[in-house]
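A note on names: the letters A, B, ... follow the listed sequences, proteins ahead of strands, and every chain is numbered from 1.
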There are 4 protein chains.
Amino acid sequence: MSEENPLRDQILDISRHMLFEDGYTSLSMRKIAKQANVSATSIYLYFENKDHLLHTLIEESVEDLSLFIESKALPVTENIERFKKIIESYVDFGLQYPEKYEIIYKVRPESMARYPKEKFRKARRAYELLVKTIEDSVSAGDMEVEKPLVAAYSIWAQLHGVVSVVLNKRLDSRIDQKQFIEDSIEHVVQGFLVRTTVS
Amino acid sequence: MSEENPLRDQILDISRHMLFEDGYTSLSMRKIAKQANVSATSIYLYFENKDHLLHTLIEESVEDLSLFIESKALPVTENIERFKKIIESYVDFGLQYPEKYEIIYKVRPESMARYPKEKFRKARRAYELLVKTIEDSVSAGDMEVEKPLVAAYSIWAQLHGVVSVVLNKRLDSRIDQKQFIEDSIEHVVQGFLVRTTVS
Amino acid sequence: MSEENPLRDQILDISRHMLFEDGYTSLSMRKIAKQANVSATSIYLYFENKDHLLHTLIEESVEDLSLFIESKALPVTENIERFKKIIESYVDFGLQYPEKYEIIYKVRPESMARYPKEKFRKARRAYELLVKTIEDSVSAGDMEVEKPLVAAYSIWAQLHGVVSVVLNKRLDSRIDQKQFIEDSIEHVVQGFLVRTTVS
Amino acid sequence: MSEENPLRDQILDISRHMLFEDGYTSLSMRKIAKQANVSATSIYLYFENKDHLLHTLIEESVEDLSLFIESKALPVTENIERFKKIIESYVDFGLQYPEKYEIIYKVRPESMARYPKEKFRKARRAYELLVKTIEDSVSAGDMEVEKPLVAAYSIWAQLHGVVSVVLNKRLDSRIDQKQFIEDSIEHVVQGFLVRTTVS
DNA sequence: TATGAATGAGCGTTCATTCAT
DNA sequence: TATGAATGAACGCTCATTCAT
């Protein structure tokens with residue numbers, strides 16, 4: 001996967017940054033090449049075409065997201081704590097690596113229609129971890145959730161909404177960002193621990 | 001506002017659809033024209049330029065979303081019920097009018113920089129209703145929320161995440177869409193009613 | 001020639017002004033129409049097409065130039081004085097009616113290739129007056145010029161160069177415009193009166 | 001400056017010719033490309049945009065005019081002779097290289113507004129030589145001119161008028177071109193040598 | 001491994017003009 | 001006398017990509 005080539009990596013870095021800064025529309029092979037101080041042709045030595053470049057970017061971001069969450073959550077063995085850690089680290093990743101985070105969701109659908117479906121499977125590693133953690137919690141009697149699959153996806157979606165709002169700077173100017181994030185996480189988590197807490 | 005011109009409306013419809021299907025990047029005046037079976041020049045008889053066309057689309061969608069939510073939620077007078085209705089109708093709008101819903105969020109960075117700021121105010125009408133409803137609920141002792149502003153925004157964000165996942169067809173194939181939506185709404189709502197329920 | 005129609009005249013005025021201010025390239029039927037507060041189509045009621053409009057403009061300017069010079073020079077009966085008057089009034093016309101003056105020379109060659117040759121004849125009326133005046137002066141022994149035709153044309157050309165420099169604002173900033181004009185006229189005239197003066 | 005590229009040179013040649021034949025308005029990147037039998041895109045490999053192409057053309061013409069006059073006039077050391085030589089070579093350049101000559105004056109208002117001011121300085125080299133020559137002549141007592149600056153500019157303007165008439169083929173058909181030029185030069189020169197001649 | 005030269009397709013936009021009313 | 005609707009052609013320019021070296 002990592003072919004250990006400096007120019008290749010530089011192209012990916014530049015592309016990722018340009019994508020984040022100026023959006024998909026302004027991303028062009030020429031501009032990437034210019035910023036990398038190489039000819040546009042050179043990019044084709046490492047990436048078959050623009051689509052492949054983008055797909056590599058997505059793949060890489062998805063992998064990093066999974067690794068990040070795993071590195072934070074796997075060490076935690078207690079069920080509820082791991083559950084919280086996954087949620088927390090998902091948001092953290094989005095805020096710490098906005099360029100990578102955005103790629104996962106932003107590029108669509110102009111080029112994603114051509115993104116090989118099987119790659120999506122891999123993207124689910126972190127999600128599967130969340131599912132498993134919920135299931136474990138339920139098995140251990142730490143949580144009451146009827147459909148872990150659905151719950152996990154719902155959490156995923158809600159977190160994505162929260163992170164997106166922040167990254168897109170759509171937050172109401174009267175709202176403190178840090179508080180918004182904390183409250184939102186709290187809210188998402190609370191929605192699941194409720195009955196447990198009550199009992 | 002509605003100048004009652006069939007071609008103008010057709011252009012808006014086609015644009016909205018193309019935007020939804022292929023994304024902002026592949027939206028072109030020429031393609032719109034071709035699909036409307038008119039010359040590209042004709043579009044300029046109804047819209048000053050591409051930006052104006054897009055802004056018209058956004059404005060229209062934003063207005064429709066507000067109207068939709070208001071028409072569903074305003075008739076409901078009980079606080080908590082109205083609160084639920086707003087949430088429910090927001091999601092409903094997204095699912096019933098996906099093309100309009102997506103425009104509100106999708107067009108952004110490229111052309112939105114030029115979208116007149118004052119128009120954004122109008123976009124907040126539904127959001128302000130949510131804030132007010134939460135405040136009313138708190139005043140009436142129906143809900144315990146410290147920061148209604150933050151809460152409303154957080155709900156907004158989470159709902160957007162949920163709707164997005166569905167519209168982008170990113171839902172796990174093992175998950176039933178209807179259930180996902182119901183559970184998600186339930187979850188978002190529940191996160192707020194918790195303490196009330198408990199008491 | 002003058003069909004006495006106010007809109008027709010307004011179109012000519014606007015065109016003349018736009019031509020002068022922004023050059024031929026920016027002259028468009030649309031813009032003329034917009035400034036006249038009529039539809040673009042309306043222009044075609046008075047002018048067959050853009051070329052005809054331009055040709056009308058040229059014709060009119062040429063006519064005005066002739067009339068202007070004649071009105072100034074014909075009353076003067078003394079040969080040399082009339083000679084000077086023609087020269088002087090040519091320059092005066094250029095400075096007083098720059099918009100009309102420029103049209104005569106500026107529009108070329110993009111649309112002039114299609115300007116009917118016979119119209120050029122009429123343009124020569126003032127020039128023919130100059131030729132005749134020189135010939136009269138020579139006959140009367142007031143001037144010594146071998147080829148009045150050539151002389152007249154040469155004067156014409158030189159004066160045009162002088163007027164052009166001023167109208168195009170190409171004058172060296174260190175040079176006073178009024179002095180430049182006076183000296184230039186003096187110079188052109190002097191070149192012909194020389195031998196007379198000497199004798 | 002001369003990067004020795006055949007296509008680049010061909011583009012310049014074609015542009016220069018088209019500019020001369022059809023005027024600035026009808027000069028288009030596409031037409032140039034078509035005539036050079038290359039794609040329009042190719043032009044952009046050698047010129048950043050249309051303005052740059054035009055500016056290159058102007059620069060080149062201005063430089064050539066200066067070089068031409070200098071090469072003819074500098075070898076001549078006697079003041080009056082050099083004075084005549086400058087005038088003569090200016091006209092000669094216009095007649096020998098009409099395409100280059102016209103560019104200097106024709107391109108103007110549309111694109112010249114964006115022509116870098118400092119480049120104009122260089123354009124004055126030949127004019128400054130004329131000024132200096134007049135000054136030298138006056139110092140040496142060979143000529144009586146009160147304002148060399150004004151005189152030089154006036155000569156410049158008159159010569160331009162003469163050359164323009166010829167190049168624009170506006171010459172009266174009854175007039176022999178060669179004689180027109182000779183007489184005009186004679187006339188311009190004579191206007192200045194007058195008092196000298198008389199004394 | 002890298003490039004320079006070249007291209008066809010497409011973009012948003014403006015234009016002069018036509019036609020039915 | 002006047003217009004609104006419509007168009008085909010053209011414009012400057014950018015793009016992803018190819019090919020020979």
request  = Starting from the 5' end of DNA chain F, give me the residue, A:A40 or D:N49, whose nearest nucleotide shows up first.
outcome  = D:N49
ask   = Closer to the 5' end of DNA chain E via nearest nucleotide, is it A:N37 or C:K31?
value = A:N37
query = Hey, does B:S28 reach any base, or is it just sugar-phosphate, or nothing, if we go heavy atoms under 4.0 Å?
reply = sugar-phosphate
query = For the pair made of OH in D:Y44 and P in F:dC11, what is the distance, rounded to whole Å?
reply = 11 Å
inquiry  = By nearest heavy atom, map C:L45 and B:S39 onto DNA chain F; which one lands nearer the 5' end?
reply    = C:L45
inquiry  = Applying side-chain contact (heavy atoms from CB on, under 4.5 Å) to D:L53 and D:I32, what does each step give before you reach the verdict?
reply    = CA-CA 11 Å; D:L53 169 54; D:I32 295 167; 3.9 Å; yes
query = Between F:dC11 atom C1' and D:Y24 atom OH, what is the distance in whole Å?
reply = 11 Å
task = Would you check if the side chain of C:S42 reaches a backbone N or O of C:V38 as a donor-acceptor pair within less than 3.5 Å?
result = no
inquiry  = Tell me whether the side-chain N/O atoms of A:S42 come closer than 4.0 Å to OP1 or OP2 in E:dA2.
reply    = no
ask   = Does the side chain of C:Y101 come under 3.5 Å of the side chain of C:H160 through a donor N or O and an acceptor N or O?
value = yes
Rounded interatomic separation in angstrom, taking NZ from A:K34 and P from E:dA2 = 20 Å
side-chain contact (heavy atoms from CB on, under 4.5 Å) assessment of B:I58 paired with B:H55 = CA-CA 5 Å; B:I58 297 168; B:H55 293 168; 4.2 Å; yes
query = For F:dC11, which nucleotide is its Watson-Crick or G-U wobble mate, given both distances must be under 3.5 Å?
reply = E:dG12
Candidate nucleotides F:dG8, F:dA6, F:dC15, ranked by approach to the side chain of B:T41 - the nearest = F:dG8
task = Could you tell me the separation between the CZ atom of B:R30 and the P atom of F:dC11, rounded to a whole number of Å?
result = 13 Å
ask   = Roughly how many Å is it from OH in A:Y46 to C1' in E:dA2, rounded to a whole number?
value = 8 Å
query = Under 4.0 angstrom, heavy atoms only, what part of the nucleic acid is A:F47 near: base, sugar-phosphate, or nothing?
reply = nothing
query = Which part of the nucleic acid, if any, lies within contact of C:L27, taking any heavy atom under 4.0 Å across all strands shown: a base, the sugar-phosphate backbone alone, or nothing?
reply = sugar-phosphate
remark   = B:I11 atom CD1 is separated from F:dT7 atom C1', nearest whole Å, by 14 Å
task = To the nearest Å, give me how far apart CG (D:D51) and P (F:dG12) are.
result = 11 Å
query = Is a side-chain donor or acceptor of C:K50 paired with a backbone partner of C:M29 at a separation under 3.5 angstrom?
reply = no
task = Could you check which nucleotide pairs with F:dT17 in any of the strands shown, counting Watson-Crick or G-U wobble with both distances under 3.5 Å?
result = E:dA6
query = Reckon D:K50 has a side-chain N or O less than 4.0 Å from the OP1 or OP2 of F:dC11?
reply = no
query = Once you round it to whole Å, what is the distance between C1' of E:dA16 and CD of C:E48?
reply = 13 Å
